[in-house]
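Have a look at the structure below, then the notes.
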Number of protein chains: 2
Amino acid sequence: MPSVTVENYLKHLLLLAEETAGLVPMGALSTALAVVPGTVTTMVKSLAAAGLVVHRPRQGVKLTAAGRRLALGVLRKHRLVETFLVQVLKMHWSAVNAEAEQLEHAISDTVLDRLDALLGHPATDPHGDPIPSRHGKLRSQVYATLATCPLARPVRLVRITEQSAEFLQFAEQHGLLPGASVRVTDRNLAAGLVTVQRPRGQPVALSLAAAGRILIEPAR
Amino acid sequence: MPSVTVENYLKHLLLLAEETAGLVPMGALSTALAVVPGTVTTMVKSLAAAGLVVHRPRQGVKLTAAGRRLALGVLRKHRLVETFLVQVLKMHWSAVNAEAEQLEHAISDTVLDRLDALLGHPATDPHGDPIPSRHGKLRSQVYATLATCPLARPVRLVRITEQSAEFLQFAEQHGLLPGASVRVTDRNLAAGLVTVQRPRGQPVALSLAAAGRILIEPAR
DNA sequence: CCCACCATTTTGAGTAGTCAAAATAATTTC
DNA sequence: GAAATTATTTTGACTACTCAAAATGGTGGG
Ligand SMILES: [Mn+2]
Ligand SMILES: [Mn+2]
Ligand SMILES: [Mn+2]
Ligand SMILES: [Mn+2]
């Protein structure tokens, strides 16, 4: 069985691959895992020796099919656990990422299946992140974001890709939850500011970076 | 925070202390943890240096107050998780010990409290094992067992201290569950055999060793 | 009292993962 | 097209466990 460390490397590699074309740079992994770059080089070489990743020195890494399979398993655990924590234990969506970070390594496939059934086989977690299927299918649709969508048109939030507890608390406070319907009333590229209006409520100002992490689809 | 290894050493030390007078011999810990004796010596010395245990060379180990406090926390997690797995996820009581062995190290105190509330603050787990309170109180009553109770009198099973999946499956098949009411009809010390009769059903034969792991109280 | 046996400890070695700091390669900048 | 900057790799060292096998210490039988 892969160690907790290996599972974390593979899962983060999968997440980074989603937002990176081609190889994931070593530095990105190093940042995501909060370890020093040299450590990543060492670990990636051993993952490569185990056939879980391909390492192109000085260029980056990517998962092999075997590595991706393992990573999807961990990600499925992560997101189902998050869903459980919110729906059954009524925890706040800003707190569950940290919890799931540990639990994803401790849950057996048996427990996972039971959890999945208990929750009614959900397709997404509390943040709108898609949950990989039992057989490793991951619905990864490309969405527009609050940073790119047309102005004034009503849009529905489908997913928040920012994990930090502070941001999620802020978002919830302003009704920016998956399913909410809003309109972008202004986008000031110079100032890097996006203004969002929801049906009944004050307008909310977001940085362009934050807006880019809120995925949407046209409403109605 | 203590590592998974340290948590396991402390928890097993607590369990072994329950069935041992005085110091726990190094060999007992070595067996319980499935590591070689020399490893236990090394680890116990480092636990002693951390103030979690007292080590009397060539005699044994015991928990300090600090070590016991930590061990009770782990045991509480273990038993609440077992209860959750049986009551909410409907798993078999013979499967949950192995699952909880991992999860006990991955659950935060926050999640634990929610779980405890969801389950209605249970006093015992599915095996009848007492669950330590949030503040580290462990009800440890001394019970008779099927190996020691008077013959022919009705007794109620309160706790099964044997954890092996095979035994628990066997026990369940013969209705030997916490709460069940039975009578010991015969006890043959020479053959090491105990015969148990339950209200409607065939008599069951148990080894003396197995019978000693089924704790009871007088019924009615 | 001594020897044999058993539990425990010691010694030496290995694996997994990590960091700090120096070396190297690739990319920008001028 | 150097020189400077930045990313990555290498090197050397450390922590936390673990095992195999040899050494040691108690105990209990003769
Ligand atoms: Mn994790
Ligand atoms: Mn999520
Ligand atoms: Mn454990
Ligand atoms: Mn139990």
Side-chain angles (χ1 to χ4, degrees), chain A residues 1-13 16-17 19-63 66-67 70-71 74 101-102 104-106, chain B residues 1-13 16-17 19-63 66-67 70-71 74 101-102 104-106:
Chain A
M1 282 307 91
S3 67
V4 168
T5 304
V6 167
E7 290 190 345
N8 279 329
Y9 272 77
L10 297 179
K11 189 193 69 173
H12 278 108
L13 220 27
L16 289 169
E19 44 183 79
T20 316
L23 298 172
V24 174
M26 305 300 269
L29 241 194
S30 159
T31 306
L33 292 162
V35 295
V36 120
T39 301
V40 170
T41 302
T42 308
M43 271 302 293
V44 160
K45 284 206 273 191
S46 99
L47 293 176
L52 298 172
V53 305
V54 175
H55 180 208
R56 289 253 238 305
R58 306 269 167 192
Q59 305 202 54
V61 228
K62 66 172 187 208
L63 293 169
L70 282 175
V74 179
E101 202 55 56
Q102 305 306 313
E104 66 191 359
H105 312 291
Chain B
M1 281 310 93
S3 67
V4 168
T5 305
V6 167
E7 289 190 345
N8 279 328
Y9 272 77
L10 296 178
K11 190 193 69 172
H12 278 107
L13 220 27
L16 288 170
E19 44 183 78
T20 317
L23 298 172
V24 174
M26 305 300 269
L29 240 195
S30 159
T31 307
L33 292 162
V35 293
V36 119
T39 301
V40 170
T41 302
T42 309
M43 272 300 296
V44 160
K45 284 205 272 191
S46 100
L47 293 175
L52 299 172
V53 305
V54 175
H55 180 207
R56 288 255 237 304
R58 307 264 166 196
Q59 304 203 54
V61 228
K62 67 173 187 209
L63 292 169
L70 283 176
V74 179
E101 202 55 57
Q102 305 305 313
E104 66 191 358
H105 312 291

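Here is the naming used below: chain letters follow the sequence lines, and residue numbers restart at 1 for every chain. All values derive from a computational prediction rather than experimental measurement.
- Comparing C/dG17, C/dT8, D/dT10 against the side chain of A/T41 picks out D/dT10 as the nearest.
- Heavy atoms only, all atoms of each residue included: A/V44 and A/V61 are closest at CG1-CG1, 3.5 Å.
- Checking the phosphate oxygens (OP1, OP2) of C/dT8, no side-chain nitrogen or oxygen of B/H55 falls inside 4.0 Å.
- A/G38 comes within contact range of at least one nucleobase, with a heavy-atom separation under 4.0 Å.
- When all heavy atoms of A/S30 and A/P37 are compared, the pair lying nearest together is OG-N, 3.6 Å.
- Rounded to a whole Å, the CG atom of B/N8 is 11 Å from the P atom of D/dC17.
- Side-chain proximity of B/R58 to D/dT9, C/dT10, D/dG25: nearest is D/dG25.
- For the pair A/L23 CG and D/dA7 P, the computed distance is 17 Å after rounding to whole Å.
- In this entry the distance linking NZ of A/K45 with C1' of D/dT11 reads 11 Å, nearest Å.
- In this structure, of C/dT18, D/dT18, D/dA20, it is D/dA20 that holds the atom nearest to the side chain of B/V36.
- Distance A/L10 CG to C/dG17 P: 11 Å, rounded to the nearest Å.
- The nearest whole Å value for the distance from the CG atom in A/L47 to the P atom in C/dT18 is 11 Å.
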>> Under the criterion side chain to side chain contact (heavy atoms under 4.5 Å, CB included), I'd like the reasoning laid out for B/K62 against B/V24: C-alpha separation, chi angles, the key distance, then a yes or no.
In response: CA-CA 6 Å; B/K62 67 173 187 209; B/V24 174; 6.0 Å; no

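- Here the nucleotide nearest the side chain of B/T39, chosen from C/dG17, D/dC19, C/dC19, is D/dC19.
- A donor-acceptor pair under 3.5 Å is formed between the side chain of A/T20 and the backbone N or O of A/L16.
- Note on A/Y9: a side-chain N or O is less than 4.0 Å away from OP1 or OP2 of C/dT18.
- Going from atom CD of A/Q59 over to atom C1' of C/dA26 covers 10 Å, rounded to whole Å.
- Rounded to an integer number of Å, the gap from A/H105 NE2 to C/dG17 P is 12 Å.
- Comparing C/dG17, D/dT9, C/dT9 by their closest approach to the side chain of A/S3 singles out C/dG17.
- Listed nucleotides D/dT9, D/dT18, C/dT18 differ in distance to A/M26; the shortest reach to its side chain belongs to D/dT9.
- Put simply, the side chain of A/T39 never gets that close to the backbone of A/V35: no donor and acceptor are under 3.5 Å apart.
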